[in-house]
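All chains are named by letter (A, B, ...) in the order of the sequence lines, taking the proteins before the strands, and each is independently numbered beginning at 1.
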Amino acid sequence: AQSVTQLGSHVSVSEGALVLLRCNYSSSVPPYLFWYVQYPNQGLQLLLKYTSAATLVKGINGFEAEFKKSETSFHLTKPSAHMSDAAEYFCAVGGLGYIPTFGRGTSLIVHP
Amino acid sequence: NAGVTQTPKFQVLKTGQSMTLQCAQDMNHNSMYWYRQDPGMGLRLIYYSASEGTTDKGEVPNGYNVSRLNKREFSLRLESAAPSQTSVYFCASSKQGQDTQYFGPGTRLTVL
């Protein structure tokens with residue numbers, strides 16, 4: 001069984017501030033972990049993914065995430081928020097032979 | 001490449017009406033999925049098709065049917081629409097079940 005918890009349905013930051021979106025997972029197999037982004041009125045697109053290689057994963061648009069097995073976490077960070085980062089972010093957990101399960105999403109609000 | 005395409009983009013139905021949502025992908029992917037997205041609920045899997053010729057229920061299959069017409073196309077049918085089926089529906093595809101999913105732009109369905 002797999003599940004994912006995204007802490008905080010909304011996160012608000014100022015432009016230029018650190019972005020931290022939290023994701024904790026549960027998995028009965030070695031996990032594959034994903035972060036997707038959804039801009040208004042669009043489908044989801046992949047930001048980055050972890051599939052058992054390097055624990056620090058770099059993605060598009062300056063985002064990165066670190067796999068911490070001991071904490072069962074895969075938090076998403078970006079050093080400096082831009083207005084264009086305002087979107088819905090989804091964490092997902094899967095594994096070899098398993099379809100990913102998605103979290104409920106976190107809405108990132110960026111203030112000027 | 002068009003990626004994943006969905007039709008229609010918008011639809012309004014009356015309770016009891018039927019309709020089919022169409023999805024096609026041009027990436028030669030084996031697996032295809034139908035999700036619904038509701039506020040605060042994230043993405044919930046309705047049905048999926050691991051490969052051509054197979055379909056399986058997801059988390060919320062009641063009230064829906066699917067057809068994997070060929071490797072490219074995967075349709076979702078609502079036989080008798082209900083207001084609880086008002087949602088945004090996304091189709092997605094992936095090379096295999098555990099791989100990155102590519103999403104269509106969505107269909108916004110309202111059932112009155």
Side-chain angles (χ1 to χ4, degrees), chain A residues 1-11 21-25 27-53 57 59-60 65 74 87-108, chain B residues 1-10 21 23-25 27 29-51 54-61 74 87-109:
Chain A
Q2 298 171 301
S3 65
V4 62
T5 301
Q6 292 185 239
L7 298 173
S9 58
H10 294 83
V11 170
L21 303 182
R22 299 178 187 272
C23 173
N24 287 91
Y25 70 91
S27 179
S28 55
V29 300
Y32 291 1
L33 293 156
F34 305 82
W35 275 101
Y36 288 84
V37 62
Q38 182 183 32
Y39 298 105
N41 299 314
Q42 294 186 24
L44 281 69
Q45 57 184 281
L46 182 73
L47 266 181
L48 51 81
K49 66 178 179 181
Y50 166 81
T51 57
S52 78
V57 182
I60 62 172
F74 191 58
E88 189 89 13
Y89 292 80
F90 291 91
C91 182
V93 61
L96 186 62
Y98 288 81
I99 297 168
T101 297
F102 286 81
R104 294 193 172 195
T106 297
S107 178
L108 178 64
Chain B
N1 284 356
V4 179
T5 57
Q6 292 183 235
T7 56
K9 286 187 167 47
F10 300 93
L21 282 65
C23 173
Q25 52 92 8
M27 294 173 282
H29 285 167
N30 291 303
S31 301
M32 297 185 74
Y33 314 85
W34 277 106
Y35 292 93
R36 60 177 290 171
Q37 183 178 25
D38 303 290
M41 300 298 291
L43 286 173
R44 292 183 291 171
L45 184 63
I46 304 171
Y47 271 92
Y48 66 98
S49 172
S51 61
T54 69
T55 60
D56 285 287
K57 295 178 180 179
E59 181 185 353
V60 289
F74 188 39
S87 187
V88 181
Y89 291 85
F90 288 99
C91 178
S93 71
S94 66
K95 192 172 181 180
Q96 301 292 347
Q98 67 267 14
D99 295 325
T100 299
Q101 293 188 13
Y102 295 82
F103 285 80
T107 295
R108 283 149 185 80
L109 174 67

Asks: Between A/Gln6 and chain B, which part of the residue has a heavy atom less than 4.5 Å away: side chain, backbone, both or neither?
Replies: neither

Asks: Parallel, tilted or perpendicular for A/Phe102 and A/Tyr36, by the 30°/60° rule?
Replies: tilted

Asks: Looking at A/Leu108 and A/Tyr89, what are the two nearest heavy atoms and their distance?
Replies: CB-CE1, 3.7 Å

Asks: Where does A/Leu46 contact chain B at under 4.5 Å (heavy atoms): side chain, backbone, both or neither?
Replies: side chain

Asks: Is the backbone of B/Phe90 close enough, under 3.5 Å, to the side chain of B/Gln37 for a donor and an acceptor to pair up by distance?
Replies: no

Asks: Do B/Ser87 and B/Asp38 get their side chains close enough for a donor-acceptor pair, meaning under 3.5 Å?
Replies: yes

Asks: By a 4.5 Å heavy-atom criterion (distance strictly below it), what part of B/Arg108 contacts chain A: side chain, backbone, both, or neither?
Replies: side chain

Asks: Please look at B/Tyr102 and chain A and tell me whether the side chain, the backbone, both or neither of the residue comes under 4.5 angstrom of a heavy atom of that chain.
Replies: neither

Asks: We want to know whether A/Thr101 and A/Tyr25 form a side-chain donor-acceptor pair, criterion being a heavy-atom distance below 3.5 angstrom.
Replies: no

Asks: Please look at A/Tyr32 and chain B and tell me whether the side chain, the backbone, both or neither of the residue comes under 4.5 angstrom of a heavy atom of that chain.
Replies: side chain

Asks: Sort A/Gln45 into side chain, backbone, both or neither according to what part of it lies under 4.5 angstrom from a heavy atom of chain B.
Replies: neither

Asks: Write down the atom of A/Phe74, the atom of A/Trp35, and the distance for their closest heavy-atom approach.
Replies: O-NE1, 2.8 Å

Asks: Could you have a look at B/Gly97, B/Gly58, B/Ser31 and say which one has the most heavy-atom pairs with chain A under 4.5 angstrom?
Replies: B/Gly97

